[in-house]
Amino acid sequence: MSTEILANLSLAVQKGRAKDVEALIAQGLAEDFTAQQLLEDGLLTGMNLLGVRFKNNEVFVPEVLIAARALNKGTLLLKTQLVEEGVKPIGTVVIGTVQGDLHDIGKNLVRMMLEGSGFQVIDLGVDVAPETFVEAVREHKPQIVALSALLTTTMGSQRGVIEALEGAGLRGTVKVMIGGAPITEAYANEIGADAYTADAASAAQMAKSLVAA
Amino acid sequence: MERTLADGVTGNAVDLSAALGVFVRVFCFEERAFLPGSAEDFCLRCPLACGDAAVCDSLLAHRFGCYEAVRWHGEYIYYCPAGLIFVATLVAQNGRPALAFVTGPVVMGQADDWPEFEAHMQEAAARLPQRTPAQVNAVARVLALLAAGFGRQAPPAEEADSFWEDVRGPGGLPKGFFDAIDVQQQLSRMIRQGDRGGTAQMINQLLGALYLGGSGNLPKMKDGARELLALFHRAAKEGGAFVDPIFGQSSDFSAQIAGCATQDSLSAFLVDMFNRFVGYVFDFTRFAHADALGKAAEYIRQNAAEKITLAGVAREVGFSPSHLSAVWSSEMRVGFSAYVQTVRIEKAKQLLRKSGLPLVQVAQNVGFSDQSYFTKVFTRLCGVSPAQYRSSQIDQISKGA
């Protein structure tokens with residue numbers, strides 16, 4: 001059992017080589033690695049390293065997407081074993097773009113980076129009403145709700161979701177993260193959100209620190 | 001890229017190093033780095049031996065050489081900032097740059113071809129493999145033949161992939177999304193100010209819009225990609241960047257986009273374009289300058305007997321006269337005319353030592369049509385007249401004997 005496989009798996013994810021990922025996972029399982037090891041020390045390590053480079057603008061969006069595809073192929077292959085080993089995602093995030101806002105570019109990127117960090121992500125899409133967020137929180141019991149807004153005219157809807165969660169008595173059960181072009185740290189504080197991040201890679205890091213806390 | 005291609009090319013690089021007596025390393029475009037296992041670091045042979053990556057970033061210097069090979073039909077001979085010569089030879093796969101052989105360092109010329117203030121080059125010429133221009137060209141041609149052979153290997157089959165449909169949202173980019181004038185102005189301002197980080201961030205924001213905001217299929221993605229590259233083309237021009245190495249003729253990228261058969265090949269094309277964009281606009285400038293100045297100096301040394309003008313040398317290195325003049329005065333230790341005179345006087349000293357040519361002939365052989373002017377310049381630079389210099393050298397030789 002050589003840890004070289006884990007390093008190669010990480011590299012294959014970073015380079016987005018889905019076929020190499022599949023072959024390395026088959027080899028890893030044959031060599032008695034656990035699915036959890038292959039996932040965490042191989043696939044997710046690779047995605048995290050790429051995330052850091054993405055945050056530093058050293059790689060471009062298509063490279064991240066291709067890496068995400070390789071990661072998805074890998075996690076699909078490991079799915080059955082992960083359930084057998086009792087491995088759970090590091091957390092669940094409900095994500096969506098708030099009511100009145102049809103933008104999903106930033107939200108999709110954040111979703112991808114969250115998945116790449118080992119989260120299960122429930123994506124509610126765009127133009128999501130506050131009550132839909134409340135229902136999703138009731139149903140999926142996430143640790144985090146992530147709210148995206150790209151317009152100054154719709155950023156107020158983020159406050160609406162927080163108020164709806166308070167009204168339903170669920171605010172204490174989840175952390176609320178917000179993001180989007182017009183959003184600032186000060187605004188996050190003003191509406192009572194738990195965290196604001198400026199880009200997708202930082203959002204994934206923030207989410208990890210929120211569930212670890 | 002198939003791993004077998006990298007293995008095959010790296011294996012050949014080792015053989016080539018032994019056969020040619022110079023290092024051959026393999027650069028990988030996708031990884032933007034040299035592949036391991038081909039040869040040791042070129043800089044171990046550098047006569048400057050400054051060991052300071054900030055002074056001379058070897059990887060960037062050679063990345064510049066490899067991208068220039070892409071631009072110049074697969075091969076490029078260039079000077080690194082230390083004044084040593086390298087050859088970059090492209091190995092294309094699937095019609096796209098995959099790997100490149102980087103061969104060197106060699107020195108063109110003899111130790112006493114360089115003026116005294118370029119002592120490190122005199123030392124390099126004594127220590128490193130010396131090649132004539134014809135030999136360097138021959139090496140470039142042989143490597144190009146070899147590279148062409150690799151390029152004929154069957155490319156991996158391209159498959160259409162539903163993944164690309166899944167990453168997209170329901171919206172769809174409106175036509176003309178990338179025509180926004182304020183984005184162009186912001187970009188050109190960042191380019192003018194040398195804001196590399198801000199520009200790279202903007203590239204990713206706009207690529208994010210193209211990939212995650214479009215609802216389109218491949219043809220729509222291609223339309224968006226065309227608009228996006230046209231935006232960067234305009235902004236770079238407006239920002240004063242020299243865009244020819246990146247975009248070529250403005251319609252070139254349009255044809256290349258049309259040739260992308262899948263989302264994967266379109267993505268690889270865009271990543272390559274934006275790597276080149278950031279490279280040429282922000283990273284390669286000082287290496288492009290070092291290369292052009294190396295070639296200008298080489299041209300002056302080779303043509304000392306002819307009439308040499310700034311405009312003529314600029315034409316040789318592909319710069320405008322004003323650009324060459326600006327680059328020369330900011331980066332060379334002596335002015336253009338002073339350099340030309342110094343090179344001519346060095347050559348005159350050689351002729352005075354080694355030949356019995358009459359002074360009028362010596363003057364003409366090093367580009368002075370007027371012997372009295374030659375004597376005046378010689379005396380100013382050397383402290384003695386040409387005739388005195390010759391007799392003192394003869395004295396020294398006879399004393400030595």
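Proteins come first, then strands; the chains are lettered A, B, ... in the order of their sequence lines, and each starts at number 1.
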(message) Could you tell me if the side chain of A:V64 sits less than 4.5 Å from the side chain of B:Y211, heavy atoms only?
(response) no
(message) With a 6.0 Å cut-off (strictly less than), is the heavy-atom count around NZ of B:K222, excluding the residue itself, greater than 12?
(response) yes
(request) Flag yes if more than 12 heavy atoms outside A:K175 fall under 6.0 Å of its NZ atom; otherwise flag no. (result) no
(request) With the side chain counted from C-beta on, respond yes when B:D264 and A:R69 share a heavy-atom pair under 4.5 Å apart, and no when they do not. (result) yes
(message) Let me confirm one number: the OG-CG distance from B:S267 to A:L65, rounded to the nearest 0.5 Å.
(response) 7.5 Å
(message) Counting C-beta onward and ignoring hydrogens, is there a side-chain heavy-atom pair between A:P62 and B:L207 closer than 4.5 Å?
(response) yes
(request) Mind listing the closest non-hydrogen atom pair of A:F60 and B:N204 along with its distance? (result) CA-OD1, 3.1 Å
(request) Please look at A:K107 and chain B and tell me whether the side chain, the backbone, both or neither of the residue comes under 4.5 angstrom of a heavy atom of that chain. (result) neither
(request) Give, as side chain, backbone, both or neither, the part of B:R196 having an atom under 4.5 angstrom from any heavy atom of chain A. (result) neither
(request) Check whether more than 12 heavy atoms from other residues, nucleotides or ligands sit under 6.0 Å from atom CD of A:E190, and answer yes or no. (result) yes
(message) Sub-4.5 Å heavy-atom contacts with chain B: which residues of residues 51-58 of chain A show up?
(response) A:R53, A:F54, A:N57, A:E58
